Amino acid sequence: PPPHPPPQQALKMSAAEEEVFKTPLSTPICLLDSTEAFGGLTDAEKLYAHHLSCGSWSGALCCLVQCSPESPPLFALLHSLFSAEPPARLQPKAEAAGVSAEDWNAFMQFTACFLGNMGNYLSFGDTKFVPRCSRASFTSILGASVNAAELLARWDAIADRVYDLSAGCRQMGLEGDGISTYYSEGIAKADIELVQAFLTEGGMGDQAYNTRLFREKGGVLRLCVASAEAREGVEHEFRGEKIRVEYGDHAPFMRALADQIERARASVPSDRGDQAEMCDQYVKAFRGGNIEDHKASQRAWVKDKAPPVESNIGFIESYRDPFGVRGEFEGFVAVVNREQSRKFQVLVDNAMEFIAMLPWPAAFEKDTFLRPDFTALDVVSFASSGIPAGINIPNYDDIRQDIGFKNVSLGNVLSAQSPSERITFLSDSDVAVFKEWRGKSFEVQVAIHELLGHGSGKLLREEADGGFNFDHEAVEHPLTGGKVLTWYKPGETWDGKFGAMSSSYEECRAECVGIFLCCEPKILKMFGHEASEGEVTDVVYGNWLIMVRAGLLGLEFYTPSSGTWRQAHMQARYVILRVLLEAGGGLVSIQGEGEGAVVSLDRSKILTVGREAIGAFLTKLNVYKATADVAAGSEMYSALSAVPEDMLALRQAVLAAKQPRKLFVQPVTRCGDDGKVTLQDYPATPEGLIASFVDRFSDDGPLSGLVEEVAKCGQFPYPN
């Protein structure tokens with residue numbers, strides 16, 4: 001592959017600006033505890049979970065390649081360093097070489113953050129972070145290792161990039177606004193749009209999920225598909241451009257993933273045919289790279305109801321793609337919490353009643369609500385750059401609309417709290433409410449968001465045979481009063497049409513559904529909260545309070561120089577804050593300046609001013625999405641995403657008061673000579689997090705050899 005381009009000349013940054021990018025001195029680390037849940041599985045179920053977990057982590061090495069050019073070799077370097085000797089043995093040697101205790105701690109914090117984010121860009125916010133210790137101290141630590149000569153040579157090749165804070169690499173982005181290893185340098189949005197049109201017109205709109213895009217010096221666009229099997233590229237002519245589709249990107253990781261899924265398949269009971277089909281289709285998808293095989297796995301997954309071990313694997317979420325169509329790899333393996341799941345199932349049983357309460361006309365809702373599984377899970381492994389609190393997948397529009405979807409709530413993620421967290425920008429009385437009700441309010445919000453938010457709404461579309469899935473002559477547009485004039489054409493997808501905006505837009509729609517419906521007494525009762533009609537209980541007030549504060553904190557993820565947002569959920573919450581501020585009537589106010597600013601919410605106006613404003617906004621969000629009205633939807637959402645001068649001033653206070661996002665130490669599964677699987681936990685410390693990664697990818701474990709493959713990876717496709 002071509003050599004990496006040299007880093008840009010760093011622009012002079014102030015100390016305050018540089019501080020934003022330095023790894024925090026102390027990042028909260030929590031244990032992802034699944035010991036009790038895992039212990040309740042049968043031996044066969046544990047073996048199934050073990051192989052899926054190993055497969056997921058082999059695939060997660062793609063995340064390093066999808067993050068930055070320096071992430072793969074840096075991962076390999078750090079793994080080699082700590083495989084040779086643990087921190088407790090290396091630290092005194094480093095201090096004897098002149099490394100201060102402060103610099104050692106900074107090095108450990110950086111390593112923990114790097115491993116916890118599977119790369120050197122924050123998974124939540126997509127900004128770069130660099131070691132707080134000097135480059136000289138970093139080098140001295142490597143020089144104290146028993147493998148010093150080898151490590152220093154490897155470090156010298158990437159050190160410039162690791163510390164580089166030039167303007168073009170401080171965040172993920174395109175066309176000078178940041179870096180993206182989904183694309184080669186010089187790729188323009190017009191190139192991406194061209195390739196997406198090529199895929200859409202060929203009926204392959206979803207194929208972008210597991211690809212990266214590169215332009216060769218001769219001008220040919222290379223669409224590189226993730227697959228274990230490399231195949232000779234096929235060249236196509238499209239609108240005057242040459243596009244070559246190649247297979248074999250991420251090949252070693254896809255090969256190991258497919259191998260582990262085949263082993264897991266052997267533990268599937270004979271009465272779980274859908275689960276067996278899911279595994280078979282996964283193997284085909286990861287070996288051959290055809291997205292249709294992955295879609296087949298997702299159809300089987302949706303049909304596989306109430307498995308004791310739940311899992312989903314693939315290139316799933318497109319948050320980190322600046323264009324919004326390419327998925328980051330993720331794989332999770334979790335154990336079902338049956339008691340908590342029963343509560344969610346009651347919500348599913350009554351979903352049609354609650355969806356009918358949403359503010360849009362019935363023609364803009366699915367003809368039939370396809371009852372999903374909604375399970376509470378304790379995560380054993382979540383192999384990706386970050387861990388969400390809840391999930392609603394698959395993301396393929398046709399499967400969601402025709403087959404259905406699944407919702408999962410990740411219980412041991414939700415319950416993990418940092419005891420040192422400061423609650424900022426609220427009055428003392430609201431801080432008390434926030435602390436007492438945050439967990440209970442968030443549980444209600446996540447459940448509604450995933451099931452009734454992402455699970456609601458219909459895409460109006462024209463079918464390949466010229467028919468429609470709605471009466472296009474009779475359906476009235478609720479915002480214009482006229483006919484519906486736009487819809488999805490054959491081959492078009494939601495994220496393909498709305499592009500980079502689609503992720504945040506959809507998260508905003510789901511969040512709005514959450515706060516709109518959380519006021520319903522019948523829903524609250526399902527979660528153990530009593531409320532009379534017209535009453536705003538603490539659980540409801542807490543939920544709305546969490547939302548408006550999150551909207552203010554979202555300003556951290558806005559980049560003024562480019563006018564772009566770096567995190568879909570936080571942009572969505574900021575937009576909701578703007579809607580509630582513009583609703584007027586004293587519903588929401590922000591008073592004070594700097595870190596003394598306080599956001600306030602009038603409890604008495606939530607059910608009137610607040611719910612009316614959210615209902616009107618939610619109707620627009622859903623109708624523009626349903627009708628593929630990119631122009632109107634983009635205009636509205638962009639206007640609300642804008643950050644005026646008064647908000648920019650508040651952003652400085654938000655940055656000054658920001659706290660590091662917690663990291664998780666995940667357990668490692670081990671299969672003994674007797675075929676029995678055990679679960680090993682680690683301390684919730686940087687040392688524990690490092691040890692978990694050393695063991696997970698140990699030379700004598702099931703994923704041996706993959707770290708060597710990581711070391712060869714860079715920005716460009718893996719050299720087969």
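Quantities reported herein were computed from a predicted structural model and do not represent experimental measurements. Keep in mind that the numbers below use all heavy atoms, side chains included, and drop hydrogens, waters and symmetry copies. All residue numbers refer to positions in the sequence shown, counting from 1.
For an aromatic pair to be called close, the ring centres must be under 6.0 Å apart, and Tyr558 with Trp565 satisfies this. Here the two rings, on Trp494 and Tyr505, have centers that are under 6.0 Å apart. Taking the six-membered ring for Trp, His236 and Phe198 have ring centres closer than 6.0 Å. If you look at Phe329 and Phe315, their ring centroids are closer than 6.0 Å. Remark: aromatic rings of Phe323 and Tyr183 are distant, center separation not under 6.0 Å.
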Are Arg566 and Glu556 close enough, and set up right, to give a salt bridge (charged side-chain N to carboxylate O under 4.0 Å, His left out), and what steps lead you there?
CA-CA 9 Å; Arg566 306 186 310 275; Glu556 174 191 340; 5.2 Å; no
Take Lys522 and Glu533, measure what salt bridge (charged side-chain N to carboxylate O under 4.0 Å, His left out) needs, and give me the verdict at the end.
CA-CA 9 Å; Lys522 188 170 181 179; Glu533 204 67 44; over 6 Å; no
From CA spacing to verdict: side chain to side chain contact (heavy atoms under 4.5 Å, CB included), Arg573, Glu511
CA-CA 8 Å; Arg573 291 158 188 163; Glu511 291 282 48; 2.7 Å; yes
In sequence, state the C-alpha distance, the side-chain angles, and the governing distance for Tyr624 and Tyr637, and then conclude on ring-ring contact (aromatic ring centres under 6.0 Å, His included).
CA-CA 10 Å; Tyr624 293 148; Tyr637 203 71; over 10 Å; no
Between Val245 and Thr211, does a side chain to side chain contact (heavy atoms under 4.5 Å, CB included) hold up when you go through it step by step?
CA-CA 10 Å; Val245 181; Thr211 67; over 6 Å; no
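The minimum heavy-atom distance linking Gln567 with Gly125 is given by the pair CG-N, 3.5 Å. The two residues Asp206 and Ile291 make their nearest non-hydrogen contact at O-CG1, 3.6 Å. The nearest pair of heavy atoms linking Ala351 to Leu451 is CB-CD2, 4.4 Å. The two residues Val609 and Gly584 make their nearest non-hydrogen contact at CG1-O, 3.5 Å. Across every non-hydrogen atom of Asp495 and Ser502, the tightest pair is CB-OG, 3.4 Å. Contact between Leu618 and Cys512 at its shortest, heavy atoms only, is CD1-CB, 3.7 Å.
How far CD of Gln171 is from OG of Ser561: 6.0 Å, rounded to the nearest 0.5 Å. Note that CD1 of Ile448 and CG of Asn407 are 12.0 Å apart. Values are rounded to the nearest 0.5 Å. The line from CG of Leu580 to NZ of Lys605 is 13.0 Å long, rounded to the nearest 0.5 Å. For the atom pair OG (Ser180) and CD (Glu175), the distance works out to 11.5 Å, reported to the nearest 0.5 Å. Rounding to the nearest 0.5 angstrom, the gap separating the OG1 atom in Thr424 from the NZ atom in Lys658 is 13.0 Å. Put simply, CD on Glu507 and CD on Gln571 are 11.0 Å apart, with the number rounded to the nearest 0.5 Å.
Between the side chains of Asp430 and Tyr541, at least one donor-acceptor pair of N or O atoms lies under 3.5 Å. Side-chain contact of Ser385 with Glu328: a donor-acceptor pair under 3.5 Å is present, judged by distance alone. For the 3.5 Å distance criterion, the side chains of Thr200 and Glu492 fail to qualify, holding no donor opposite an acceptor. For Tyr121 and Arg320, the side-chain atoms include no donor-acceptor pair closer than 3.5 Å. Side-chain contact, Gln207 with Gln196: no donor N or O sits under 3.5 Å from an acceptor N or O. When only modelled atom types and interatomic distance are considered, Ser604 and Asp602 share a side-chain donor-acceptor pair under 3.5 Å. Between the side chains of His294 and Gln281, not a single donor N or O lies within less than 3.5 Å of an accepting N or O. Checked by atom type, the side-chain pair Asn392/Arg400 shows a donor-acceptor distance below 3.5 Å. There is no side-chain donor-acceptor pair under 3.5 Å between Arg661 and Ser123. Judged purely by distance below 3.5 Å, without hydrogens or angles, the side chains of Asn312 and Gln298 pair a donor atom with an acceptor atom. Using modelled atom types, one finds no donor on one side chain facing an acceptor on the other under 3.5 Å when comparing Gln445 with Trp544.
Side-chain atoms of Asn395 come within 3.5 Å of backbone atoms of Ile316 as a donor-acceptor pair (strictly under, hydrogens ignored). The backbone N or O of Leu370 sits nowhere less than 3.5 Å from a side-chain atom of Thr368 that would complete a donor-acceptor pair. Put simply, the side chain of Ser638 never gets that close to the backbone of Glu635: no donor and acceptor are under 3.5 Å apart. Although no hydrogens or angles enter the test, the distance criterion places a donor-acceptor pair under 3.5 Å between the side chain of Asp191 and the main chain of Ala188. In this structure, Tyr574 contributes its side chain and Ser641 its backbone to no donor-acceptor pair below 3.5 Å.
Within a 6.0 Å sphere centred on NZ of Lys189, other residues, nucleotides and ligands contribute 12 heavy atoms or fewer. For NZ of Lys366, the number of neighbouring non-hydrogen atoms (other residues, nucleotides, ligands) closer than 6.0 Å is greater than 12. More than 12 heavy-atom neighbours from other residues, nucleotides or ligands sit within 6.0 angstrom of CD on Glu241.
Considering only residues two or more places apart in sequence or on other chains, Gln345 meets the side-chain hydrogen bond (donor to acceptor under 3.5 Å, both in side chains) condition with none of them. With sequence neighbours excluded, the residues satisfying salt bridge (charged side-chain N to carboxylate O under 4.0 Å, His left out) with Lys458 are Asp367. The salt bridge (charged side-chain N to carboxylate O under 4.0 Å, His left out) check on Lys303 picks up nothing, with sequence neighbours excluded.
Both the sub-6.0 Å distance and the 45° axial angle are not jointly satisfied by Arg326 relative to the ring of Tyr209.
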